[in-house]
Amino acid sequence: MAQPTARSSASERRQSVRTGVVWDGVRRLLEADVADGQPARIVDIGGGTGGFAVPLAELGHAVQVIDPSPDALASLDRRARERGVADRVTGQQGDLSDLSDLVDEVDLVLCHGVLEMVEDPAASLASIAGVLRPGGHLSLLVAQRHAAVVARAMAGHFQAARELLDDVPHRPAGGSADGQAGQAGPVGRSGRRFTHDEVVDLLAGAGLSPESVHAVRVFADLVPGSLLDLEPGATAALVELEKAVATRPEYLPLAAQLHVTARR
Ligand SMILES: C[S@@+](CC[C@H](N)C(=O)[O-])C[C@H]1O[C@@H](n2cnc3c(N)ncnc32)[C@H](O)[C@@H]1O
């Protein structure tokens, strides 16, 4: 993904702040995982309009995007053609629960901003593990609960903050010690939120070993957009700040999202 410049649009600048840390993580996975010059087989589940899929195809990888939204897939198709990578990006209408029917064995699965919306996060992660080759990786991006509680409270939505605080924990597939089946907390209008420990438990339940956790959007949502639009160099400096705090555990609870990589 391109670095922000003075000529980037306002939306490109904000996007670079939101995705800089995640891109670095995905790039590291590919460097570690794929032999030099070999294209990786990648699935982007809920990949939407191709914000990650198209740049990954530009790096030479073969990317299959699965998404239930026909509109998102149409935008993906347009974007892939415009960037000259339509031969390396395939869009397919489908759902995380159909994954095993739609995908052969792959090197890397991206699941960014999707686990919040599915019926059963534990079963979804088990499906993802089922299509990864042994040693393959998952790049998982999920909304983080503690920051969302603070954001709601600061916006004056105290009841919503209180409800989110007591959200039901997400049990790994296979059930809990008391024999209950894997369950997840209620899905609100904007989806579920997860804590770091819940994500780690869910991954372990699916047979995936977490390798790295990064804090994403620690400051990005708190900084006024006008500051990035008006202050020269502010976007690049904020991207660097986000990267600097991403690996510090004390900033994890403040992050709007967690980026977790895990190995099968
Ligand atoms: C918040 S967007 C994230 C898009 C993209 N992954 C990104 O990071 O920019 C969530 C995407 O998940 C898709 N989605 C929603 N429910 C899904 C499901 N059950 N299985 C797969 N994708 C789903 C939506 O259509 C949407 O494109």
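Numbering starts at 1 and runs along the sequence shown. We count ligands from 1, going down the list as the structure has it; atoms in each ligand are counted the same way. It should be emphasised that the depicted structure is a prediction, and the values quoted were computed from it without experimental measurement.
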* To do: Using side-chain contact (heavy atoms from CB on, under 4.5 Å) as the criterion, list what pairs up with A234, not counting sequence neighbours.
  => L227, L228, E231
Please tabulate, line by line, the atom pairs linking an N/O of ligand 1 to a protein N/O at a distance below 3.5 Å, with the distance in Å to 0.1, or answer 'none'.
unit_1   : atom_1 : unit_2 : atom_2 : d
ligand 1 : 6 (N)  : G46    : O      : 2.7
ligand 1 : 6 (N)  : H112   : O      : 2.8
ligand 1 : 19 (N) : D95    : OD1    : 3.4
ligand 1 : 19 (N) : D95    : OD2    : 3.0
ligand 1 : 20 (N) : L96    : N      : 2.9
ligand 1 : 25 (O) : D67    : OD1    : 2.6
ligand 1 : 27 (O) : D67    : OD1    : 3.4
ligand 1 : 27 (O) : D67    : OD2    : 2.6

* Structure fact -> The salt bridge (Lys or Arg N to Asp or Glu O under 4.0 Å) partners of D77 (sequence neighbours excluded) come to R81
* **Results of side-chain contact (heavy atoms from CB on, under 4.5 Å) for V103 - residues two or more places apart only** => V43, Q64, I66, L99, V106, V131
* Asked: In terms of the angle between their ring planes, are F52 and H112 parallel, tilted or perpendicular, with boundaries placed at 30° and 60°?
  -> perpendicular
* Indicate yes or no for a side-chain donor-acceptor contact from Q144 to the backbone of T195 under 3.5 Å, with no hydrogens or angles considered. => no
* Asked: Do the side chain of D107 and the main chain of G136 share a donor and acceptor less than 3.5 angstrom apart?
  -> no
